[in-house]
Amino acid sequence: MSFPFPDGRLFVGGEWQAGSGAEITSTFAAEGTENMRFAGASKADVLSAIDRAKTAQADPAWQRLKPHERAMYLYRIADGITANIERISWLQSRDTSKTRNEARALAGSAAATFRYFGAVLETSDELLTAPRGDYLTYSVHDPIGLVGAITPWNSPIASDAQKAAPALAAGNAVLLKPASWSPIISLELARIVEEAGLPKGLYSVLPGSGREVGNLLVEHPDIGKVSFTGGTSTGRHLAHVAAEKLMPISLELGGKSPTIVFEDCDEDLAIAGILFGIFSSSGQSCIAGSRLFVQRSIYDRFVSRLVKATEALKVGHPFDAETQVSSMVHADHRASVEAYVQTARDEGGEFLTGGRRPEGAEYDNGAYYQPTIIAGLTNQAQTCREEIFGPVLVVMPFDDEDDVISMSNDNDYGLACGIWSRDHAKCWRLARAIRAGTVWINTYKQFSISTPFGGDGASGMGREKGRAGLRAYQRQKSIYEDHSGQPHPWARWP
Ligand code: NAP
């Protein structure tokens with residue numbers, strides 16, 4: 001089964017129009033072919049989208065909607081995604097080379113995100129606070145206005161939904177810039193948003209270069225908040241721009257997450273979880289468990305079992321139902337992973353498996369890379385400090401709890417952590433001691449839209465998801481209402 005690609009027009013302030021910016025090419029890296037080319041957004045397109053968004057967001061008809069009325073748009077978008085899940089996930093697989101199963105799961109999670117934030121909106125209460133005088137005090141939440149959303153290529157539809165759903169629920173207009181390597185699915189989502197009847201102008205999708213379109217969204221004085229997911233160096237740059245404007249920005253950035261295996265773990269569970277944690281999505285996952293610490297007493301046996309299990313993974317075409325590890329998103333990205341593998345070699349890493357492209361005619365044109373496990377490096381090696389964003393795992397032994405806490409935390413990133421042990425009290429101690437936005441105990445890479453997500457340190461700031469996710473796109477306002485009817489005593493009114 002195949003589906004038509006979008007027609008290459010952009011969704012600018014509620015209108016479908018040809019872009020007037022630089023050309024964008026979407027590729028199917030698994031086969032080394034092109035999906036489509038089209039003109040991306042220019043500065044003029046972005047400015048026009050911003051103008052239309054301002055008008056649409058300020059429209060009293062949108063402003064006055066009650067929460068349960070605004071929530072209906074989110075439910076309709078969720079229904080639209082669900083009704084089109086095969087088409088959306090097919091396009092997502094073509095755009096990113098993700099397996100069909102993963103693409104379906106991401107589309108399902110996007111629908112759930114819109115549904116969840118519709119429900120959060122309907123059920124969020126404003127706060128009556130304790131007065132300290134003869135007045136009523138309450139605290140209410142208003143929309144920020146215009147929100148810029150900038151997303152990466154690794155899970156596009158889920159990242160788009162994670163920003164668009166709470167931002168629209170909060171009453172804002174959203175201007176979304178998808179990554180240049182994965183523009184298709186964001187344009188598809190725009191079609192669903194349009195079909196859901198969202199008033200024109202409240203949603204725009206502006207594929208285009210990060211430096212031009214992305215930067216303009218962050219710099220523009222009318223944009224009141226930016227929600228960014230992407231690399232740490234880009235995030236750091238955008239944080240500077242936001243600081244200059246005194247604009248709130250949330251940053252979901254990279255990771256180099258530790259996974260810790262104690263001698264008392266269930267080894268079968270741990271091996272399955274570790275494989276999923278690092279090699280699913282071909283390792284192109286911010287929360288990939290890319291540093292593995294194994295207790296020295298079981299190190300040799302455990303690592304040799306892990307290597308064997310890794311070699312049994314099926315590397316293959318994203319449309320093959322048996323495939324576990326698919327092509328990387330783009331040949332250029334595989335080149336960057338290969339450069340890191342070379343660094344690991346130069347640092348004296350011992351390759352237990354992988355470290356090369358898979359061999360065979362079926363892989364020749366695609367951007368495949370063999371799941372790779374490297375030993376013999378210290379936690380200080382560049383390979384252990386920097387995010388590779390590919391199917392590359394480094395294994396290191398540890399002796400005791402203190403040892404592994406200190407090695408886990410000795411890294412700039414603080415996104416996620418996995419702990420494998422049957423001792424609950426020990427897991428609890430570790431979970432509290434390790435600097436990470438998310439800790440998984442005896443599981444890995446599980447997500448719930450109702451559970452806050454984000455990173456610390458070089459992994460970013462702010463949290464998405466959860467009930468508070470809505471508030472991240474609102475301004476809080478406190479109101480004092482005097483009921484005494486008396487002049488203020490300070491004035492000594494006669
Ligand atoms: P990236 O290069 O930082 O790009 C992310 C987005 O920012 C893209 O849309 C990109 O546009 C845009 N961009 C680039 N330079 C910009 C600039 N100067 N101003 C404004 N926007 C700019 O990251 P990526 O390679 O796409 O994504 C991989 C990274 O995302 C990894 O580090 C991964 O860990 C991180 N990530 C984090 C999370 C999380 O939740 N913590 C989730 C997923 C991914 P172009 O595509 O046009 O360059």
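One-based numbering, in listed order, for ligands and for the atoms of each. What you see below is based on every heavy atom in this structure, not just the backbone, and it leaves out hydrogens, waters and symmetry mates. Just so we're clear, the structure is a prediction, and the values are computed from it rather than from any experiment.
Residue Gly208 places a heavy atom under 4.0 Å from ligand 1. Residue Pro178 places a heavy atom less than 4.0 Å from ligand 1. Heavy atoms of Gly460 come nearer than 4.0 angstrom to ligand 1 in no pair at all. The shortest heavy-atom distance from Val218 to ligand 1 is not under 4.0 Å.
With Arg37 as the fixed residue, the side chain to side chain contact (heavy atoms under 4.5 Å, CB included) test singles out one of Ile24, Thr25, Thr27: Thr25.
Contacts with ligand 1 closer than 4.0 Å are made by backbone heavy atoms (N, CA, C, O) of Leu253 only, the side chain lying farther away. Here Asn215 has heavy atoms under 4.0 Å from ligand 1 in both its backbone and its side chain. Residue Glu464 does not touch ligand 1, judged by heavy-atom distances below 4.0 Å. At a heavy-atom cutoff of 4.0 Å, ligand 1 is contacted by the side chain of Thr234 but not by its backbone.
Scanning all protein heavy atoms for the shortest distance to atom 33 (C) of ligand 1 gives Phe389 CE1, 3.2 Å. Considering only non-hydrogen protein atoms, atom 13 (N) of ligand 1 sits nearest to Gly210 CA, 3.5 Å. The protein non-hydrogen atom at the shortest distance from atom 8 (C) of ligand 1 is Thr151 O, 3.4 Å. Scanning all protein heavy atoms for the shortest distance to atom 46 (O) of ligand 1 gives Ser180 N, 2.8 Å.
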| task | Step by step, work out the salt bridge (Lys or Arg N to Asp or Glu O under 4.0 Å) result for Arg463 and Asp456. | result | CA-CA 10 Å; Arg463 294 289 180 269; Asp456 297 325; 3.0 Å; yes
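Of the candidates Cys286, Pro152, Gly254, it is Cys286 that places a heavy atom closest to atom 38 (C) of ligand 1. The closest non-hydrogen atom to atom 23 (O) of ligand 1, taken over Ala416, Gly231, Gly235, comes from Gly231.
Geometrically, ligand 1 and Gly230 share a nitrogen or oxygen pair separated by less than 3.5 Å. In terms of polar-atom proximity, defined here as any N/O pair under 3.5 Å, Thr229 makes no such contact with ligand 1. Considering both main-chain and side-chain atoms, Ser459 never comes within under 3.5 Å of ligand 1 through any nitrogen or oxygen pair. At a 3.5 angstrom cut-off on N or O pairs, Glu387 counts as close to ligand 1. Considering backbone and side-chain atoms alike, Trp153 places an N or O below 3.5 Å from some N or O of ligand 1.
A centroid separation of less than 6.0 Å is found between the aromatic rings of His317 and Phe28. Under the 6.0 Å cut-off for aromatic ring centres, Phe389 and Trp153 qualify, their centroids lying closer than that. Ring pair Phe293/Trp420: centre-to-centre distance not below 6.0 Å.
When atom types are taken as modelled, the side chain of Arg104 and the backbone of Ile85 share no donor-acceptor pair closer than 3.5 angstrom. Looking at Lys314, its side chain never comes within 3.5 Å of a backbone N or O of Gln324 through a donor-acceptor pair. Counting only distance, with no hydrogens or angles, the side chain of Arg357 and the backbone of Asp364 share no donor-acceptor pair below 3.5 Å. Side-chain N or O atoms of Asn35 include one that pairs as donor or acceptor with a backbone N or O of Arg94 at under 3.5 Å.
For ligand 1 and Leu238, the ligand atoms under 4.0 Å from any heavy atom of the residue are 19 (N), 20 (C). Ligand-side atoms of ligand 1 in range of Gly214: 19 (N), 20 (C), 21 (N), range being under 4.0 angstrom from any heavy atom.
Between Tyr203 and Phe11, the ring-plane angle classifies as tilted under the 30° and 60° cut-offs. Classification of the His330-Trp181 ring pair by plane angle, with boundaries at 30° and 60°, yields parallel. Aromatic ring pairs are classed by plane angle as parallel below 30°, tilted from 30° to 60° and perpendicular above 60°; the pair Tyr363 and Tyr368 is perpendicular.
A donor-acceptor pair shorter than 3.5 Å cannot be found between the side chains of Gln382 and Arg385.
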